[in-house]
Amino acid sequence: MKVGILISGRGSNLKSLIDACATPGYPAEIALVISNRPEAPGLGIARAAGIPALAIDHKLFATREAFDAELDKALRAAGVELICNAGFMRILSDGFVEAWRDRQLNIHPSLLPAFKGLKVHERVLEAGVRITGCTVHIVRPAMDEGPIVAQVAVPVQPGDTAETLADRVLAAEHKLYPLALKLVAGGHVRLEGERAIIDGAVAKAQAPLFVPDIS
Ligand code: GRF
């Protein structure tokens, strides 16, 4: 399956997907990486791996819809079948999201539906929860909403700062996104209403990966 990856910055999740796609038998290939920020380090990661990488600067467009139309055009020209948002920090218009309905994934650094939005780790620490984690879900127009494909739980440790917690969750993200993309691109995920159901045999075989050792 041809995948397009949307980024805005560092690109560490992008790197984990590039590495996964390079493993034999992996059911996805990255056709294009797009950043809305031309200075995003992730663009260099893509280019170093020989993957076409494009900056489409949102500041050059008068409206959100005009920017989204350009994104759409580039993705379709590259033959993209599935979009993965990987640290893409731009809200997409409802029209774009609906045009790619069930064909766009996002990773969020919390156990959704808890802690949607920004400053996640700060809010997790303020709330005093003992377990956090990360989620890959199918994108819907409302931010950080949509059918959950895969999650990993990550412990909050005494003395954690937002930074130490973010690092621990990020390590889990790097395992989770490649797994979730493998499940979706491999055709093992179907929707029942707004719930994503993973093919039973596959879910069982992958079970140890759902709680990776991230200590
Ligand atoms: C990740 O924590 C991701 O969950 C969030 O933004 C961060 C992006 O990091 N949406 P990177 O650019 O993939 O390194």
Side-chain angles (χ1 to χ4, degrees), residues 1-21 28-47 49 51-61 63-78 80-110 112 115-121 134-151 166 169-170 172-174 176-181 184-185:
M1 185 176 276
K2 284 192 166 192
V3 173
I5 305 202
L6 303 183
I7 63 166
S8 296
R10 181 176 55 184
S12 69
N13 278 289
L14 163 68
K15 177 75 170 75
S16 76
L17 294 176
I18 291 173
D19 292 346
C21 287
E29 62 170 300
I30 302 171
L32 179 64
V33 173
I34 303 177
S35 173
N36 65 306
R37 296 205 180 109
E39 71 283 6
L43 286 171
I45 294 175
R47 289 182 185 128
I51 297 166
L54 207 61
I56 303 181
D57 187 347
H58 65 271
K59 292 193 218 80
L60 304 178
F61 295 83
T63 63
R64 194 175 293 283
E65 285 71 21
F67 168 74
D68 289 0
E70 194 64 25
L71 268 190
D72 189 81
K73 205 170 93 187
L75 291 162
R76 289 181 196 282
V80 166
E81 299 163 278
L82 177 77
I83 301 172
C84 291
N85 298 358
F88 183 65
M89 303 303 286
R90 188 107 192 120
I91 291 171
L92 293 160
S93 59
D94 290 2
F96 182 94
V97 173
E98 287 304 340
W100 289 89
R101 190 177 175 88
D102 300 339
R103 297 189 298 142
Q104 186 175 18
L105 303 177
N106 180 46
I107 188 158
H108 182 75
S110 77
L112 291 173
F115 303 106
K116 295 172 183 169
L118 299 173
K119 299 256 171 219
V120 171
H121 306 297
C134 48
T135 303
V136 174
H137 66 98
I138 297 171
V139 174
R140 292 290 183 252
M143 192 172 51
D144 300 326
E145 274 191 30
I148 291 167
V149 175
Q151 292 185 305
V169 172
L170 192 64
E173 291 181 49
H174 295 160
L176 187 68
Y177 216 166
L179 167 65
L181 176 57
V184 172

Nearest atoms (heavy-atom pairs only) where [X] meets [Y]:
X	Y	value
Val3	Cys84	CG1-SG, 3.8 Å
Leu54	Leu43	O-CD2, 3.6 Å
Ala31	Pro52	O-CG, 3.5 Å
Ala46	Val33	CB-CG2, 3.8 Å
Ala74	Leu32	O-CD2, 3.6 Å
Pro109	Val120	O-CG1, 3.3 Å

Any non-hydrogen side-chain atom of [X] less than 4.5 Å from a side-chain atom of [Y]?
X	Y	answer
Leu105	Asn85	no
Leu17	Pro178	yes
Ile18	Ile5	no
Ile34	Phe88	no
Asp19	His174	no
Lys2	Glu29	yes

To the nearest 0.5 angstrom, please state how far the [atom1] atom of [X] sits from the [atom2] atom of [Y].
X	Y	atom1	atom2	answer
Gln104	Leu6	CD	CG	6.5 Å
Phe115	Asp144	CZ	CG	13.0 Å
Gln151	Ser110	CD	OG	8.0 Å
Ser16	Leu176	OG	CG	9.5 Å
Arg90	Ser8	CZ	OG	9.0 Å
His58	Arg64	NE2	CZ	8.5 Å

Original post:
Under the side-chain contact (heavy atoms from CB on, under 4.5 Å) criterion, do Phe96 and Ile83 qualify, and how do the steps go?
Top reply: CA-CA 11 Å; Phe96 182 94; Ile83 301 172; 3.7 Å; yes
**OP:** Please report the C-alpha distance between Arg10 and Lys15 in whole Å, then the side-chain angles of each, then the deciding distance to 0.1 Å, and finally whether the side-chain contact (heavy atoms from CB on, under 4.5 Å) criterion is met.
**Re:** CA-CA 9 Å; Arg10 181 176 55 184; Lys15 177 75 170 75; over 6 Å; no
Original post:
Quick one: do Asp68 and Lys73 make a salt bridge, cutoff under 4.0 Å?
Top reply: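 Here Asp68 does not pair with Lys73 in a salt bridge, since their nearest N and O are not under 4.0 Å apart.
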**OP:** Show your reasoning for whether side-chain contact (heavy atoms from CB on, under 4.5 Å) applies to Asp102 and Arg140.
**Re:** CA-CA 8 Å; Asp102 300 339; Arg140 292 290 183 252; 2.8 Å; yes
**OP:** Assess whether side-chain contact (heavy atoms from CB on, under 4.5 Å) is satisfied between Lys116 and Met143, documenting all intermediate values.
**Re:** CA-CA 7 Å; Lys116 295 172 183 169; Met143 192 172 51; 6.0 Å; no
**OP:** Identify the residue among Val139, Val97, Asn106, Asp72 that makes a side-chain contact (heavy atoms from CB on, under 4.5 Å) with Leu92.
**Re:** Val97
